[in-house]
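The block underneath contains the structure these notes are about, expressed in structure tokens.
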Amino acid sequence: MSAGLDLEENKRYFSKELLQWYQRERRDLPWRRSRDPYHIWVSEIMLQQTRVETVIPYFNRFVDRFPSLRELAEAPEEEVLKHWEGLGYYSRVRNLQTAVREVVEHYGGRVPSNKKDVSSLKGVGPYTAGAILSIAYNQSEPAVDGNVMRVLSRYFCLEDDIARSSTRISIEGLAQELIPGGEAADFNQALMEHGAMVCTPKSPSCLDCPVREGCLGRLHGRERELPVKTKAKKPRPVFRFAALVEGTGSNAGKVLVRQRPDSGLLARMWELPHVEVPDAMEWESLSLGKEYLETALAEDGVRILATEHAVGDAQHIFTHLVWNIRVLAARAHEEQYVEERTSYKWVGPEDFESYVWPNVFRKLLTEYFIHNKIAG
DNA sequence: AAAACGGGGGA
DNA sequence: TCCCCAGTTTT
């Protein structure tokens, strides 16, 4: 076999060229200016399923307010959540705070530097464990995310379905082999940087690729078909009526809101009271919506009078479902007080910002308080 | 193995 | 529109 086509030699070519490319082209990102394992950790959690450009301002605000692991551990959960508002996947930050408290408690406030301990932390899975160990401690551990699976699938022309966990495990083995001695931190970031900047999901920039000469996917003309990935199912639509209940008397200028349950979707965040209806058909009937809303709130001990006047529609898209929300104007019965123990509260423009809202309700209420109207 | 879990931006 | 993003946890 000619030396130029030897697989092991191709691996060494890939690692060497990619590392050199990274050392020339690396972006100047906030978390790359820090050597603090806690900062690396925060960035990795934020970057899960979230683009770099989105994360940058959140990261800066977060480490500005919680500069060290201990300050995050001691902060009120509400304030931590507030700094995550709008980023999504809110369990990430609850788990992060749980985990830093664990680090203070069991590891003297230092982020563990071995696989077993770091992996045991809440919210730290195989990717994040590898990222912390390699980037913060320069250990030869793979950090395989979507970028890495795409890059290596193309370069080595691997046809395994990257949606399968067995594929991630085998790619971790390959990724580990590729790490040049003593260069885990830069090499792992090089792999991800390459996936983000050059070997992008659609229309990869092969002409600018530092390793194009050894890319087996490209040599086979398969670079646009790889990686193989089974399609996700479409999100399921659900239909809901929400009540915009305006307060009277001492509650004038305020709106009735409620806090979501401690677990599950959007846990402990605030929302307009709303109720799900069986299907799209029911959603067309405003009188049915009025009945549903009044009944549902009455079961929570909150008496309101809804109208058949829709003040706007909103949509909230999750990975697995879509909320279609029709907002009906409503008012409280006379003497409707909200008891302390319930999850309901009156909120005005003054204290709006001290609550944490899913995006859809943040937009709805901002419209209401600032422009005094809601548009679909 | 599959579903739950946000939100936004690029093509 | 569709894809997918520096994924993890729960079922």
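Protein chains get the first letters and strands the later ones, always in sequence-line order, with residue 1 at the start of each. Nothing here was measured: the structure is a model prediction, and the numbers come from that model. Reckoned from all heavy atoms, side chains included, excluding hydrogens, waters and symmetry mates.
Listed in residue order, the members of residues 36-48 of chain A having a heavy atom less than 4.0 Å from DNA chain C are A/Glu44, A/Leu47, A/Gln48. Proximity of residues 138-154 of chain A to DNA chain C (heavy atom under 4.0 angstrom from any strand atom) is restricted to A/Asp145, A/Gly146, A/Asn147, A/Arg150. Near-neighbour residues of DNA chain C inside residues 156-185 of chain A, defined by a heavy atom below 4.0 Å, are absent. A heavy atom closer than 4.0 Å to some atom of DNA chain B occurs in no member of residues 11-34 of chain A. Taking every heavy atom of residues 124-135 of chain A and every atom of DNA chain B, no pair lies under 4.0 Å.
A salt bridge is absent between A/Glu8 and A/Arg12: the closest approach of a Lys/Arg side-chain nitrogen to an acidic carboxylate oxygen does not fall below 4.0 angstrom. Salt bridge present: A/Glu353 and A/Arg362 bring a charged side-chain N and a carboxylate O closer than 4.0 Å. A salt bridge links A/Arg268 with A/Glu77; the closest basic N to acidic carboxylate O contact falls under 4.0 Å. The pair A/Glu159-A/Arg222 meets the salt-bridge criterion, with a side-chain N (NZ, NE, NH1 or NH2) lying under 4.0 Å from an Asp/Glu carboxylate O. Residues A/Lys115 and A/Glu141 are paired through a salt bridge, judged by an N-O separation under 4.0 Å between the basic side chain and the carboxylate. Salt bridge A/Glu294/A/Lys290: present, at least one basic N to carboxylate O contact under 4.0 Å. A salt bridge does not link A/Glu223 to A/Arg154: none of the charged nitrogens lies less than 4.0 Å from a carboxylate oxygen. A salt bridge is defined here as a Lys NZ or Arg NE, NH1 or NH2 lying under 4.0 Å from an Asp or Glu carboxylate O, and A/Glu79 with A/Lys82 fails to meet this definition.
A/Ile317 has its CD1 atom 16 Å from the P atom of B/dC5, to the nearest Å. Atom CG of A/Asn95 and atom C1' of B/dA4 are 13 Å apart (whole Å). For the pair A/Leu87 CG and B/dG9 C1', the computed distance is 14 Å after rounding to whole Å. Across the protein-nucleic acid pair, A/Leu191 atom CG and C/dA6 atom P stand 13 Å apart, rounded to whole Å. Atom CG of A/Leu265 is separated from atom C1' of B/dG7 by 13 Å (rounded to the nearest Å). One atom, NZ of A/Lys231, and another, C1' of C/dT1, lie 14 Å apart when rounded to the nearest Å. Rounded to an integer number of Å, the gap from CZ of A/Phe361 to C1' of B/dG6 is 14 Å.
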Go through it in stages, so that I can follow the logic: the residues are A/Trp31 and A/Phe59, the test is ring-ring contact (aromatic ring centres under 6.0 Å, His included), and I'd like the CA-CA distance, side-chain angles, deciding distance and then a yes or no.
CA-CA 8 Å; A/Trp31 45 93; A/Phe59 177 82; 5.3 Å; yes
Between A/Glu246 and A/Tyr368, is a side chain to side chain donor-acceptor pair (under 3.5 Å) present by the stated rule, with each step listed?
CA-CA 11 Å; A/Glu246 305 187 278; A/Tyr368 178 74; 2.4 Å; yes
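B/dA4 and C/dA6 have their P atoms separated by 24 Å, given to the nearest Å. C/dT8 sits 23 Å from B/dG9 when the C1' atoms are compared, rounded to a whole Å. Atom name P, nucleotides C/dC4 and B/dC5: the rounded distance is 22 Å, in whole Å. Remark: the separation of the C1' atoms in C/dC3 and B/dG6 is 16 Å, to the nearest Å.
Surrounding CZ of A/Arg27 are more than 12 heavy atoms belonging to other residues, nucleotides or ligands, all under 6.0 Å away.
At a threshold of 4.0 angstrom between heavy atoms, the contacts of A/Leu321 with the nucleic acid are absent. No contact: A/Gly195 has no heavy atom under 4.0 Å from any strand.
Picking from B/dG6, C/dA6, B/dG8 the nucleotide with the shortest atom distance to the side chain of A/Met192 gives C/dA6. Across B/dG6, B/dC5, C/dA6, the shortest atom-to-atom separation from the side chain of A/Phe318 is found for B/dG6. Proximity note for A/Tyr89 (side chain, C-beta onward) versus C/dA6, B/dG6, B/dA3: the nearest is B/dG6. The side chain of A/Gln49 lies closest to C/dG7 when the candidates are B/dG8, C/dG7, C/dT9. For A/Lys363, taking side-chain heavy atoms from C-beta onward, the closest of the listed nucleotides C/dC4, C/dT9, B/dG8 is B/dG8. Nearest to the side-chain atoms of A/Lys202 among the listed nucleotides B/dG7, C/dC2, C/dG7 stands C/dC2.
A cation-pi arrangement is not found for A/Arg110 relative to A/Tyr107, the charged atom failing to lie both closer than 6.0 Å to the ring centre and inside a 45° cone about the ring normal.
Residues A/Ile45 and A/Tyr89 fall into different hydrophobic clusters, defined by Ile, Leu, Val, Met, Phe, Trp and Tyr side chains chained together at heavy-atom separations under 4.5 Å. If you chain together hydrophobic residues whose side chains sit under 4.5 Å apart, A/Val228 and A/Val144 never meet in one group. A/Leu305 and A/Leu256 are members of different hydrophobic clusters when ILVMFWY side chains are connected at heavy-atom separations under 4.5 Å.
Within the 4.0 Å cut-off from OP1 or OP2 of B/dC5, at least one side-chain nitrogen or oxygen of A/His320 is found. Phosphate contact (OP1/OP2 of B/dG8, side-chain N/O of A/Asn359, threshold under 4.0 Å): present. Between A/Lys122 and C/dG7 there is no side-chain polar atom (N or O) within less than 4.0 angstrom of OP1 or OP2.
Of the two residues contacting DNA chain C, namely A/Gly123 and A/Val52, the nearest-nucleotide position lying further toward the 5' end is that of A/Val52.
Taking the six-membered ring where the residue is Trp, A/Phe318 and A/His316 present perpendicular rings, their angle passing 60° and hence far from 30°.
In terms of polar N and O atoms assigned as donor or acceptor, the side chain of A/Thr54 never comes within less than 3.5 Å of the base of B/dG9 in a complementary pairing.
Applying ring-ring contact (aromatic ring centres under 6.0 Å, His included) to A/His274 and the options A/Phe241, A/Tyr292, A/Phe361 leaves one that passes, A/Phe361.
Inspection of the A/Arg92 and A/Gln49 side chains reveals no N or O donor paired with an N or O acceptor under 3.5 Å.
A/Arg326 contributes a side-chain N or O that, together with a main-chain N or O of A/Trp283, makes up a donor-acceptor pair within less than 3.5 Å. The backbone N or O of A/Gly88 lies less than 3.5 Å from a partner atom in the side chain of A/Trp84, making a donor-acceptor pair.
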Nucleotide-level pairing of DNA chain B, given in dot-bracket where Watson-Crick and G-U pairs need both distances under 3.5 Å and | marks other strands:
|||||.|||||
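Scanning both residues, A/Glu193 and A/Glu25, for their nearest heavy atoms gives OE2-O, 4.2 Å.
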